[in-house]
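Presented below is the structure to which this report refers.
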Amino acid sequence: MSEQKLKIRDLTLRDGQQSQLATRMNQSQIDRVLPLFQKAGFWAMEVWGGAVPDSVMRYLEENPWTRLEKIKDGIAGKSKLTALSRGRNLFGYNPYPEDVIKGFNKNAVESGIDIMRIFDALNDINNMKSTISVVKECGGSTDCCICYTVDPTFSWKDRLRSYFGGPKVPAKIFDTEYFVSKAEELESLGADIITIKDMAGLIDPHTAKTLITALKQRIKIPIDLHTHSTPGYGLASVLVSIMNGVDIVDTVIAPFAGGPAAPAFELVARFCDKLGITLSVDYDAIKAIRKELYTVRKELDEFDQYKLFPKDIDSRDTLPPEIDALFDDAIKAIRSGDLDRALIKTQAIEKWWNFPAPNEVVREAQIPGGMYTNMLAQLQVAGLSDLLPKVLKTVPRVRLDAGIPPLVTPTSQIVGIQAVSSVVSERSGKSFYKQTSIQFVNLVKGSYGATPFPVNPSFREQITGVAKEQPYSTENYQKQENPTLPECGGVSLAIDEKEELLLELFPAVAKGFLSKQRKKEYNGRVTDEIRAERVKVDAAQHSLMEGLTGDYQGE
């Protein structure tokens, strides 16, 4: 029997800090850990994409391209660098034309990205094709994601509505065959890796075993499991996947792990030690990273929603016998097929390690944690927190009407915002869909792509004014203006292709960021010119004084 090999993708500097600390790590904090990450030697590190490019401009006044290039220099090829992209949508809410997609991916690869992780919120593979092609043309590798989700739980009212002419309540959509067939299609398009991207942490151990087993039987390229710990399944599902042959798992170093983030590397590594799986990493370097991340988390306390610090324990430290036994018991339970018992054991491990407890509300509602907190925040601002239970029960109806999209950015926010708006509308005596966002209209219209379940034509007409699906067209796409700035000496707002791409992808944020950058540069240049002029004047005055002194002394 050949030795099982497992690769670790570390998510700490992107997904980890995004999930735990609102993506607020600044460049100086990143720089402090880069030499340690270089020594750690993870197979890959996710360092860019997601909310990083927007956040570093919006909140930190830093250039996202500079962030990526500095990480590339700091890691120096010791780990592959990966980024997360929404396929044709890149980082925005609207699809982009081919030249923008090509320009972005070309510059991302040149600036340091080895593997582009590509997903589409609707699992519409047509929206991923361009990015797959461009990344490979530019010499990068493609990690193609299938967004994991579960079928909505419909109420009797939803079923009654269906009976009286409303949208048909479908049979199960998101079964094993759905995900495996998507993987086969992506493999045929040239994907180098297939990732099951479980952003909500909904994949339970039973499903993980079934799905990973099926994928390993039918897919030849490596399989990666990406999941989160919010509902409490994460560690157990990762362990089950490892024991059923998954090739790659995504983890986060302990201070940024657990809760809304991915499972902790330290816990996964201890399981691997017990399973005889060697991880080619430097544990001393990871220990040093962990120490530094505790400091960073304290520095970012105002953005820390949990303020719950896990124990500072290395995966190879001696544990109390009863805790060490939990690891052995979890492995035994999986080998015997008792996955529910394994889940109990892994949750007990995380509790002892002081990771956040499972979020029962999120698990019951079967939605991402970020979607839940955003809906709650909307209601709190309006003073209507008491409506939250009704909003949660409304999500399946809104999702059904919109074609049962997976709940991942941006569709999770679109559906969540609409559920809140609809419940508030009914509360005030108005119709359920009296208020609709432009994003919800575009989703129903077909602008985001093909939904997993067909939208009812009469509903589409009600919401958008047209019964027929209207795919988004880039024919009328208007490129963002790049004005000159008279107050900065007449320079352009964006001074190179990378900055022009920032304008295209984040117009509102990038305009403010780049404007500040140009003003700083202009003021610095003027200051330098004034300083240089003063040096000239001082030199002339000094020369004059020396001449006068010489004349006087010579007499």
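All values below come from the heavy atoms of this structure, side chains included, with hydrogens, waters and symmetry mates left out.
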| task | Kindly check if the number of other-residue, nucleotide or ligand heavy atoms within 6.0 Å of NZ (Lys274) is above 12? | result | yes

| task | Say whether, by atom type as modelled, one donor and one acceptor occur between the side chain of Arg397 and the main chain of Val395 under 3.5 angstrom. | result | no

| query | Stepwise, does the side-chain hydrogen bond (donor to acceptor under 3.5 Å, both in side chains) test hold for Asp54 with Tyr59? | reply | CA-CA 8 Å; Asp54 179 287; Tyr59 302 115; 5.7 Å; no

| request: Indicate yes or no for a side-chain donor-acceptor contact from Lys182 to the backbone of Asn123 under 3.5 Å, with no hydrogens or angles considered. | output: yes

| task | Go through the steps for Leu501 and Trp65 under the test side chain to side chain contact (heavy atoms under 4.5 Å, CB included), then give the verdict. | result | CA-CA 10 Å; Leu501 285 163; Trp65 294 106; 4.3 Å; yes

| said: So Arg270 and Phe265, do their side chains get closer than 4.5 Å, heavy atoms only? | reply: no

| said: Does this structure show an ion pair linking Asp224 with Arg117, if we count only N-O contacts that are shorter than 4.0 Å? | reply: yes

| query | Would a distance-only check, ignoring hydrogens and angles, find a side-chain to backbone donor-acceptor pair under 3.5 Å from Thr142 to Asp192? | reply | yes

| request: Any chance you could lay out the side-chain hydrogen bond (donor to acceptor under 3.5 Å, both in side chains) test for Ser336 and Asp338, step after step, and finish with the verdict? | output: CA-CA 6 Å; Ser336 68; Asp338 191 350; 5.4 Å; no

| query | Under 4.5 Å between any side-chain heavy atoms of Thr227 and Ile196, yes or no? | reply | no

| field | Aromatic Phe119 / basic Arg86 pairing, under 6.0 angstrom, 45° off normal | value | no

| query | For the atom pair CG (Leu343) and CG (Asp204), what is the distance rounded to the nearest 0.5 Å? | reply | 8.5 Å

| Please walk me through it: do Tyr433 and Phe459 pass ring-ring contact (aromatic ring centres under 6.0 Å, His included)? | CA-CA 10 Å; Tyr433 284 112; Phe459 178 75; 5.0 Å; yes

| Can you find a pair of side-chain heavy atoms, one from Val455 and one from Glu469, that are under 4.5 Å apart? | no

| Going by atom types only, do Gln347 and Tyr233 share a side-chain donor-acceptor pair under 3.5 Å? | no

| query | Would you say Glu350's side chain and Phe355's backbone share a donor-acceptor pair under 3.5 angstrom? | reply | no

| request: Could you pull out all residues at least two apart from Gln20 that satisfy side-chain hydrogen bond (donor to acceptor under 3.5 Å, both in side chains)? | output: none

| query | Can you tell which of Glu185, Glu187, Glu177 makes a salt bridge (Lys or Arg N to Asp or Glu O under 4.0 Å) with Arg218? | reply | Glu177

| Distance-only, no hydrogens or angles: does the Thr12 side chain make a donor-acceptor pair with backbone N or O of Ile253 under 3.5 Å? | yes

| query | To the nearest 0.5 Å, how far apart are CG in Asp198 and CD1 in Ile203? | reply | 5.5 Å

| message | A cation-pi test, strictly: NZ or CZ of Arg9 under 6.0 Å from the centre of the six-membered ring of Phe42 and no more than 45 degrees from its axis. Yes or no? | response | no

| How far apart are the closest heavy atoms of Ser229 and Pro263, and which atoms are they? | OG-N, 3.5 Å

| query | Should Lys5 and Asp247 count as an ion pair when the cut-off is N to O under 4.0 Å? | reply | no

| message | Could you check whether Tyr448 and Asp120, counting side-chain N and O atoms only, form a donor-acceptor pair closer than 3.5 Å? | response | no

| said: What's the separation between atom SG in Cys144 and atom CD1 in Ile193, rounded to the nearest 0.5 Å? | reply: 9.0 Å

| Measuring from Asn105:CG to Thr131:OG1, what's the distance to the nearest 0.5 Å? | 5.0 Å

| task | Would you check if there is a donor-acceptor pair between the side chains of Lys498 and Ser111 at a distance under 3.5 Å? | result | yes

| message | Is there a side chain to side chain contact (heavy atoms under 4.5 Å, CB included) between Asp143 and Ile118? Walk through the geometry before answering. | response | CA-CA 6 Å; Asp143 174 12; Ile118 309 157; over 6 Å; no

| task | Applying side chain to side chain contact (heavy atoms under 4.5 Å, CB included) between Met371 and each of Val415, Thr409, Thr411, Ile414, report the one that passes. | result | Val415

| Counting only N and O atoms by type, is there a donor-acceptor contact under 3.5 Å from the side chain of Asn127 to the main-chain atoms of Gly87? | no

| request: Report yes if some heavy atom in the side chain of Ser55 is under 4.5 Å from a heavy atom in the side chain of Val52; otherwise report no. | output: no

| Rounded to the nearest 0.5 Å, how far does CD of Glu110 lie from SG of Cys138? | 7.0 Å

| How about Arg14 and Leu84: do any of their side-chain heavy atoms sit closer than 4.5 Å? | yes

| query | Taking the inter-plane angle between the rings of Phe271 and Phe327 on a 0 to 90° scale, is it parallel (under 30°), tilted (30 to 60°) or perpendicular (over 60°)? | reply | tilted

| said: Show the nearest heavy-atom pair for residues Gln366 and Asp151, with the distance to one decimal. | reply: OE1-O, 3.9 Å

| request: For Thr195 and Lys197, indicate whether the former's side chain and the latter's backbone hold a donor-acceptor pair under 3.5 Å. | output: no

| message | Pairing donors with acceptors under 3.5 angstrom, does anything connect the side chains of Ser447 and Gln470? | response | no

| task | For Asn359 and Pro231, indicate whether the former's side chain and the latter's backbone hold a donor-acceptor pair under 3.5 Å. | result | no

| request: Any chance you could lay out the side chain to side chain contact (heavy atoms under 4.5 Å, CB included) test for Ile242 and Val268, step after step, and finish with the verdict? | output: CA-CA 9 Å; Ile242 291 171; Val268 172; 3.9 Å; yes

| Side chains of Glu137 and Ser133: donor-acceptor distance under 3.5 Å anywhere? | yes

| Is the number of heavy atoms from other residues, nucleotides or ligands under 6.0 Å of Lys172 NZ greater than 12? | yes

| Do Asn244 and Ser241 get their side chains close enough for a donor-acceptor pair, meaning under 3.5 Å? | no

| request: Provide the closest heavy-atom pair for Ala191 versus Ile221 in the form atom of the first, atom of the second, distance. | output: O-CD1, 3.3 Å

| Atom NZ of Lys102 with >12 non-hydrogen neighbours under 6.0 angstrom | no

| request: Side-chain contact test, heavy atoms from C-beta onward, threshold under 4.5 Å: evaluate it for Val56 versus Met25 and give yes or no. | output: no

| request: Would you kindly say whether Arg399 and Thr149 are connected by a side-chain donor-acceptor distance under 3.5 Å? | output: yes

| query | Distance-only, no hydrogens or angles: does the His226 side chain make a donor-acceptor pair with backbone N or O of Asp250 under 3.5 Å? | reply | no

| request: State yes or no: are the ring centers of Tyr148 and Phe179 separated by less than 6.0 Å? | output: yes

| message | If we ignore hydrogens and angles and just use 3.5 Å, is the side chain of Ser79 paired with the main-chain N or O of Ile75 as donor and acceptor? | response | no

| task | Please test Val398 against Asp401 for side chain to side chain contact (heavy atoms under 4.5 Å, CB included), starting from the C-alpha separation and ending with a verdict. | result | CA-CA 5 Å; Val398 174; Asp401 289 338; 5.7 Å; no

| message | For a salt bridge (charged side-chain N to carboxylate O under 4.0 Å, His left out) check, start with the C-alpha distance between Asp124 and Arg88, then their side-chain angles and the critical distance, and finish with the verdict. | response | CA-CA 10 Å; Asp124 182 351; Arg88 181 168 287 282; over 6 Å; no

| query | Judged by modelled atom types alone, do Ser422 and Gln418 share a side-chain donor-acceptor pair under 3.5 Å? | reply | yes

| field | Partner residues of Thr373 under the side-chain hydrogen bond (donor to acceptor under 3.5 Å, both in side chains) criterion, sequence neighbours left out | value | none

